[in-house]
Amino acid sequence: MTYVNEFLKKEKPADYYSKLLEELEEKNNKFHAFNVLNKRISDGFPISVKDNICVKGMETTASSKILKGYIPPFSATVIKRLEKDGFSVLGKTNMDEFGFGSFGINCEVPARNPFDETRVAGGSSSGAAVATSIMKYHAAVAESTGGSIAAPASFCGVVGFTPTYGLISRYGLIDYANSLDKIGFMARSSGDIRLLMSKSVGVDPADTTSVDVKLSDVKKEKIVVIDELYDKIDKNIKLSFDSSLSRLSAAGFKVQHVSIPEIDYSVPVYYIISMAEASTNLAKFTGFKYGLKVDDFSKEYNEFFTEAREAFGEEAKRKIILGTFIRGASVRSKYYEKALRIRRIIRDKLSKVLDDSFIISPTMPVLAPKAKEAESFSPIQNYSMDLLTIPPNLCGFPTISLPSDYIDGLPVGLQLTGGQFEDNGLISFGEQWEDSFKYKFKYNIGEL
Ligand code: GLN
């Protein structure tokens, strides 16, 4: 089932888009899903774009004060491809600053979870998930470095798809960590994801890591649970996950448990690599070229740049300091190079498992926390919440997060990981999950 095709078949009243914008503006005051709304949208299937992906002529800040006022003179390749094919940009969605976070709270006005406004929407693609949750005819273009599509998708009860690294051009993305960043999608059905993927993948001369391959629609009967991850899931999520596994077994899937002790290094390895890369990527924001401008040229060199860089949020500053340290000549081999080697070991171990199976886990180990609670987490507590989404992201493997359950009225997500380029196999699994298990999205939140 695809909402895109349903929408295209429907006769729309002449004032459809102006009504949509009006209602959305009202809702946005409550949920803060969008940083910018495109008041000129007048045709096409509405897509929202995470605010770290450039859209020509539309303010793009990655939810950072340092990029306030930056209007890109070009659009990201993925946006150009979608616009050519009948999709129109409805606006730019809220996020953790530069993608740094798991709860959508590292920004000026955090997005709220539509299922419970006191709770976080998940991050870093918070606004993308909220927009997908509150709008029926809409899909979101988002980005994941270590789980930023899956986490908010699961907290907001929508489908989140993170493709194999390199499948979608990153040209026009404001990089967080280049060896990890993937552009992907959120939608209300796996069918919509299939459609969006078919219009977006393919090599792009502007991104040398982009690839052109034939995607395999592989079917696998075996699904594997990794013991070390399973052990760290909250009790209520575990119960719900176990019942999803039973449903799959009853449908003929073979569920197997394996132990991969090295998986426990995924989170520290990911944060070492991502911080090192982030610290170099943030070096270009100086108050000189993009966004915020400092124009008092009477200042000393250090004073000048410090003033602009004060605009970075706390997590960005942490990444600059730690990332720069990690890359330093005296400790480089101790942290960064070692992390790269362990990343390879984890990738090899997971690849072996993925030879003949998909890997399965809940998407997040907890239910969406209250915003107040999330604000009180230490950095390490924050990072450890990514334990289920980081392993596939670290290795560039595709994942799909599917809505699977509700606990106390809050959505729970199920995450499937496939091998490299098995993207379509995951989408087929999602379609099967939605069809044969008659999973119904809950539209109890007033859709547009
Ligand atoms: N929470 C993770 C981080 O802060 C993932 C973020 C992302 O995927 N952009 O790095």
Side-chain angles (χ1 to χ4, degrees), residues 49-53 62-64 93-107 110-111 120-129 140-155 160-165 168 170 173-186 266-282 312-323 326 339 343 363-366 368-369 374-375 377-399 401 413 415 417:
V49 181
K50 186 174 178 178
D51 206 16
N52 58 352
I53 299 169
S63 286
S64 180
T93 47
N94 201 355
M95 57 184 285
D96 283 296
E97 182 182 18
F98 290 113
F100 304 156
S102 311
F103 300 112
I105 55 175
N106 295 336
C107 58
V120 302
S124 67
S125 313
S126 48
V141 184
E143 165 276 339
S144 170
T145 309
S148 276
I149 293 176
S154 95
F155 282 171
F161 189 73
T162 308
T164 299
Y165 177 83
I168 295 183
R170 289 179 294 112
L173 170 72
I174 299 172
D175 312 286
Y176 167 176
N178 311 48
S179 77
L180 294 158
D181 296 340
K182 281 91 45 186
I183 289 181
F185 304 105
M186 289 185 212
S266 303
V267 172
V269 160
Y270 166 83
Y271 276 98
I272 287 172
I273 296 172
S274 65
M275 279 192 193
E277 294 186 24
S279 67
T280 69
N281 281 323
L282 293 176
F312 281 130
E314 203 177 306
E315 186 58 29
K317 286 178 184 162
R318 186 174 294 116
K319 285 190 163 41
I320 292 171
I321 293 168
L322 290 174
I326 288 162
R343 176 193 204 169
T363 307
M364 291 299 277
V366 295
E375 278 160 22
F377 289 157
S378 69
I380 300 288
Q381 274 175 310
N382 260 310
Y383 301 162
S384 61
M385 295 288 172
D386 297 339
L387 82 138
L388 304 173
T389 58
I390 279 181
N393 273 277
L394 187 63
C395 307
F397 294 137
T399 66
S401 175
Q415 177 181 258
T417 300

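Counting starts at 1 for both ligands and their atoms, following the listed order. Computed over heavy atoms, backbone and side chain alike; hydrogens, waters and symmetry mates excluded. Position 1 is the first residue of the sequence; numbering continues from there.
Nearest to atom 4 (O) of ligand 1 among the protein's heavy atoms is G101 N, 3.0 Å. Protein heavy atom in closest approach to atom 10 (O) of ligand 1: Y176 OH, 2.4 Å. The shortest contact between atom 9 (N) of ligand 1 and any protein heavy atom is with S148 OG, 2.7 Å.
At least one N/O-N/O distance between T145 and ligand 1 falls below 3.5 Å.
Ligand 1 lies less than 4.0 angstrom from a heavy atom belonging to Y270. In this structure, S274 has no heavy atom closer than 4.0 Å to ligand 1.
At a heavy-atom distance under 4.0 Å, only side-chain atoms of S124, from C-beta outward, approach ligand 1.
Residues G127 and A111 share a closest heavy-atom pair of N-CB, 4.3 Å. Heavy-atom minimum distance, Y165 versus K182: CA-CG, 3.7 Å.
Aromatic ring pairs are classed by plane angle as parallel below 30°, tilted from 30° to 60° and perpendicular above 60°; the pair F103 and F155 is parallel.
Those atoms of ligand 1 that come under 4.0 Å of a heavy atom in D386, given as number and element, are 1 (N), 2 (C). Under a 4.0 Å criterion applied to the non-hydrogen atoms of F100, ligand 1 contributes the atoms 4 (O).
Counting heavy atoms only, Y271 comes closest to atom 3 (C) of ligand 1 of the residues Y271, F98, Y383.
Side chains of N106 and E315: a donor-acceptor N/O pair is absent below 3.5 angstrom, by distance only. A donor-acceptor contact closer than 3.5 angstrom is absent between the side chains of S126 and D96. When only modelled atom types and interatomic distance are considered, K50 and S125 share a side-chain donor-acceptor pair under 3.5 Å. In the model, S102 has a side-chain atom that pairs as donor or acceptor with a side-chain atom of D386 under 3.5 Å.
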